[in-house]
2 protein chains.
Amino acid sequence: MAQNLPQPTEAEMEILQVLWVQGPTSVRTVHEALSDRREVGYTTTLKLMQIMADKGLLRRDTTQRVHIYEAVVSEADTQHQFLSRFVDTIFRGSASQLVMQALGNHQASPTELEKIKDLIERLERDSQGPTK
Amino acid sequence: MAQNLPQPTEAEMEILQVLWVQGPTSVRTVHEALSDRREVGYTTTLKLMQIMADKGLLRRDTTQRVHIYEAVVSEADTQHQFLSRFVDTIFRGSASQLVMQALGNHQASPTELEKIKDLIERLERDSQGPTK
DNA sequence: AAGTATATACGAATCCTTTCGTAAATGCAA
DNA sequence: TTGCATTTACGAAAGGATTCGTATATACTT
């Protein structure tokens with residue numbers, strides 16, 4: 001069933017971001033969202049989305065004149081995919097080192113910090129309890 | 001003084017990893033470390049390191065026949081550079097979301113979890129105190 | 001029907017990274 | 001000195017991502 005989709009490239013990530021927020025939509029909508037962030041030609045966006053459809057990253061409905069594209073991969077799965085790779089290549093596999101850096105360098109609101117603390121406590125409790 | 005060095009590529013990161021561990025050393029040493037991980041030609045490693053020196057990522061001493069290369073950028077700075085970019089492009093700027101995923105998906109030892117909790121508590125205390 | 005606007009299709013140019021073949025320089029050993 | 005091993009220098013090929021020009025199709029308006 002679900003099989004190996006390629007890792008999205010950087011430009012492809014931009015498009016996925018839009019689709020995750022907007023849901024299934026046309027090239028024009030995606031293109032306009034991208035244009036807010038940087039200069040880019042319409043056919044560039046189109047081509048990219050066609051390539052992504054070929055790769056299996058997007059699914060498209062071509063029954064209407066205006067094709068509707070939809071992300072096949074979920075945001076969470078994609079983040080997970082990138083994260084593993086990132087931890088390995090940049091932090092030599094040490095997730096906790098990454099976490100320390102991320103917390104140190106970036107702002108996190110008190111609420112978010114609380115949530116993270118809760119998560120840690122849950123992890124600690126689980127690691128004491130039966131693993132099986 | 002220190003100015004904008006380019007973001008290292010993936011292959012360049014592998015070389016930097018070796019140099020961060022070994023300290024300043026020859027192409028041969030780096031090449032042998034890389035060879036442990038994957039098949040790669042000597043001149044490939046050489047060329048890459050020459051390019052990196054051109055870009056300013058490495059510094060080299062050419063007074064001896066065997067040139068000695070040294071990383072200009074520190075591991076921590078490089079991690080920070082990648083992390084900002086990564087949080088933006090993959091996690092839409094939410095560092096805490098990244099932290100949650102990293103903690104959830106990867107193993108962290110009890111000791112590491114403790115360290116992270118300490119850091120959070122320190123951050124919480126600081127955010128109450130005077131920012132200035 | 002003709003003209004206009006908007007859509008998709010296709011191919012190619014460009015740019016960057018990665019790889020490596022080949023040549024030239026250097027040092028060492030016989 | 002001659003030959004061998006090791007090193008650096010250089011150029012270019014190969015592969016992939018990105019961009020966009022141009023052609024073609026489709027719908028709508030007048």
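Below, read A as the first sequence line, B as the second, and so on, with proteins coming before strands; counting in each chain starts at 1.
If you take CD of E12(B) and P of dT19(C), they are 11 Å apart, rounded to a whole angstrom. Here the P atom of nucleotide dC28(C) and the CD atom of Q64(B) are 11 Å apart, to the nearest Å. What separates CD of E10(B) from P of dG15(D) is a distance of 18 Å, to the nearest Å. Rounded to an integer number of Å, the gap from OH of Y69(A) to C1' of dA9(C) is 10 Å. In this entry the distance linking CG of D54(B) with C1' of dT8(D) reads 13 Å, nearest Å. dA17(D) atom P lies 11 Å from atom CG of L57(A), rounded to whole Å. In this structure, M52(A) places its CE atom 16 Å from C1' of dT19(D), rounding to the nearest Å.
Contacts between residues 20-51 of chain A and DNA chain C, defined by a heavy-atom separation below 4.0 Å, involve V27(A), R28(A), Y42(A), T43(A), L46(A), K47(A), Q50(A), listed by number.
At a threshold of 4.0 Å, the pair R60(B)-E70(B) does not count as salt-bridged, since none of the basic side-chain nitrogens sits closer than that to a carboxylate oxygen. Under a 4.0 Å N-O distance rule, the pair R85(A)/E10(B) qualifies as a salt bridge.
For E32(B), there are no side chain to side chain donor-acceptor pair (under 3.5 Å) partners at least two apart in sequence or on another chain. Applying the side chain to side chain contact (heavy atoms under 4.5 Å, CB included) test to L119(B) and every residue at least two apart in sequence or in another chain returns M100(A), L103(A), R122(B), L123(B). In this structure, Q64(B) has no side chain to side chain donor-acceptor pair (under 3.5 Å) partners at least two apart in sequence or on a different chain. The side chain to side chain donor-acceptor pair (under 3.5 Å) search around E121(A) returns none, not counting sequence neighbours. Evaluation of the side chain to side chain donor-acceptor pair (under 3.5 Å) rule for D88(B) yields no partner, not counting sequence neighbours. Partners of H67(B) according to the ring-ring contact (aromatic ring centres under 6.0 Å, His included) rule, which considers only residues two or more places apart in sequence or in another chain, do not exist here.
Neither OP1 nor OP2 of dT7(D) sits under 4.0 Å from any side-chain N or O of R60(B).
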Can you name the atoms? Protein N/O to nucleotides 25-28 of chain D N/O, anything below 3.5 Å, with the distance.
| unit_1 | atom_1 | unit_2 | atom_2 | d |
| --- | --- | --- | --- | --- |
| dT26(D) | O2 | R65(A) | NH1 | 3.1 |

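Listed by first and then second residue, the ring pair (Phe, Tyr, Trp, His ring centres under 6.0 Å) pairs that reach into residues 10-34 of chain A are H31(A)-Y42(A), sequence neighbours excluded.
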